[in-house]
Amino acid sequence: SIRRIYVAIVHGNIKEDSGTVNAPIGRHPTDRKKMSTHCKNGRDAVTHYKVLERFGDYTYIQCELETGRTHQIRVHMASIGHPLLGDQVYGPKKCPFPKLVGQTLHAKTLGFIHPRTNEYIEVKKPSEKQLVIRSKIEQVMKKMAKRTQKKYLETEFTKEEKEEPELVERREEQRDMVPEIETEET
């Protein structure tokens with residue numbers, strides 16, 4: 001058996017800390033280049049996901065595959081309303097981060113039983129290309145977190161907040177720190 005663990009950034013804030021998508025995957029009924037969970041002859045596919053961190057409109061997740069279908073993570077996450085950031089096939093056609101190229105998906109761990117020695121081998125060390133991709137994912141995540149925090153700090157006080165002096169004081173202190181968290185727009 002093969003162990004496959006990936007990390008990714010998806011659109012939306014996944015509410016559950018973990019979950020499983022158990023939906024057959026096959027060729028899309030009208031677009032033969034795509035895969036889909038809405039097909040007649042789909043093959044079993046199971047993806048377990050776990051939230052690693054939430055960033056407002058995006059979520060950083062880890063996915064472990066029980067099966068290995070074409071585009072499995074991309075199709076399963078899109079099927080539950082959380083397509084991968086940068087995936088223009090199964091997600092939005094326009095990426096909110098223009099400089100981002102491709103999906104934010106990274107193979108973290110691959111493990112298998114060696115066919116000759118029967119020894120379990122697990123590869124965790126990323127290649128140079130994967131390190132660059134991982135670095136870009138982390139940069140995007142930091143920018144998203146900073147934008148979300150800045151957006152929160154710029155919102156008006158609610159009626160309830162105005163009635164709680166400690167909340168108003170805390171928000172004012174946080175607003176004073178905004179220049180320290182500003183980022184360049186991409």
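All values below were derived from every heavy atom in this structure, side-chain atoms included, with hydrogens, water molecules and symmetry-related copies excluded.
- In the hydrophobic cluster analysis, where Ile, Leu, Val, Met, Phe, Trp and Tyr join through side-chain heavy atoms closer than 4.5 angstrom, Y58 is grouped together with Y60.
- Residues S36 and H28 bring no donor and acceptor atom of their side chains to less than 3.5 Å of each other.
- Both L105 and L110 sit in one connected hydrophobic cluster of ILVMFWY residues. Membership requires side-chain heavy atoms under 4.5 Å apart, directly or through other members.
- Using bins of under 30°, 30° to 60° and over 60° for the plane-to-plane angle, the ring pair H71/Y90 lands in the perpendicular bin.
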Discussion item. Quick one, D87 with K93, criterion salt bridge (charged side-chain N to carboxylate O under 4.0 Å, His left out). Give me CA distance, side-chain angles, the key distance, then yes/no.
Written reply: CA-CA 8 Å; D87 188 346; K93 299 298 177 219; over 6 Å; no
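- For the pair I113/E119, no side-chain contact is recorded, criterion being any heavy-atom separation below 4.5 Å from C-beta on.
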Practice prompt. Take D57 and N13 through the test side-chain contact (heavy atoms from CB on, under 4.5 Å) and record every step on the way to the result.
Written response: CA-CA 6 Å; D57 294 335; N13 192 321; over 6 Å; no
Item to complete: Apply side-chain contact (heavy atoms from CB on, under 4.5 Å) to the pair H82 and H11, showing each step before the final yes or no.
Response: CA-CA 5 Å; H82 297 285; H11 285 270; 5.7 Å; no
Worksheet entry | CA sep, side-chain torsions, deciding dist, call: V10, I61, side-chain contact (heavy atoms from CB on, under 4.5 Å) | CA-CA 7 Å; V10 296; I61 62 170; 3.7 Å; yes
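- Within a 6.0 Å radius of CG in N41, other residues, nucleotides and ligands contribute 12 heavy atoms or fewer.
- T59 and E53 form no side-chain donor-acceptor contact under 3.5 Å, judged by distance and modelled atom types alone.
- Minimum interatomic distance between K15 and R54 (heavy atoms only, all atoms of both residues): O-NH2, 3.2 Å.
- Note on I80 and F55: separate hydrophobic clusters, where clusters join Ile, Leu, Val, Met, Phe, Trp and Tyr whose side-chain heavy atoms are under 4.5 Å apart, directly or indirectly.
- More than 12 heavy atoms of other residues, nucleotides or ligands shown are found within 6.0 angstrom of NZ on K34.
- Ionic pairing of E64 and K50 is not present here: no N-O contact between side-chain nitrogen and carboxylate oxygen is shorter than 4.0 angstrom.
- Of all heavy-atom pairs between V46 and Q72, the closest is O-NE2, 2.9 Å.
- The CZ atom of R32 sits 10.0 Å away from the OG1 atom of T30 when rounded to the nearest 0.5 Å.
- Transitive grouping of hydrophobic side chains (ILVMFWY, heavy atoms separated by less than 4.5 Å) brings Y49 and I73 into a common cluster.
- No side-chain heavy atom of K124 sits under 4.5 Å from any side-chain heavy atom of K108.
- Note that SG of C95 is 5.0 Å distant from CG of L85, once rounded to the nearest 0.5 Å.
- The minimum heavy-atom distance linking M35 with T70 is given by the pair CG-O, 3.6 Å.
- Pairing each heavy atom of T67 with each of A45, the nearest pair is OG1-CA, 3.1 Å.
- The two residues P24 and G42 make their nearest non-hydrogen contact at CB-C, 3.8 Å.
- Cluster annotation: I9 is connected to L100 through the hydrophobic network of ILVMFWY side chains, with a link wherever side-chain heavy atoms come within less than 4.5 Å.
- Judged by distance alone, the side chains of E122 and T109 never bring a donor and an acceptor atom under 3.5 Å apart.
- In this structure, the separation between OG on S79 and NE2 on H38 is 7.0 Å, given to the nearest 0.5 Å.
- Residue T47 comes nearest to H76 through the heavy atom pair OG1-ND1, 2.7 Å, listed as atom of the first residue, atom of the second, then distance.
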Item to complete: Could you walk me through whether L84 and M77 pass the side-chain contact (heavy atoms from CB on, under 4.5 Å) test, one step at a time?
Response: CA-CA 7 Å; L84 271 61; M77 296 315 295; 4.1 Å; yes
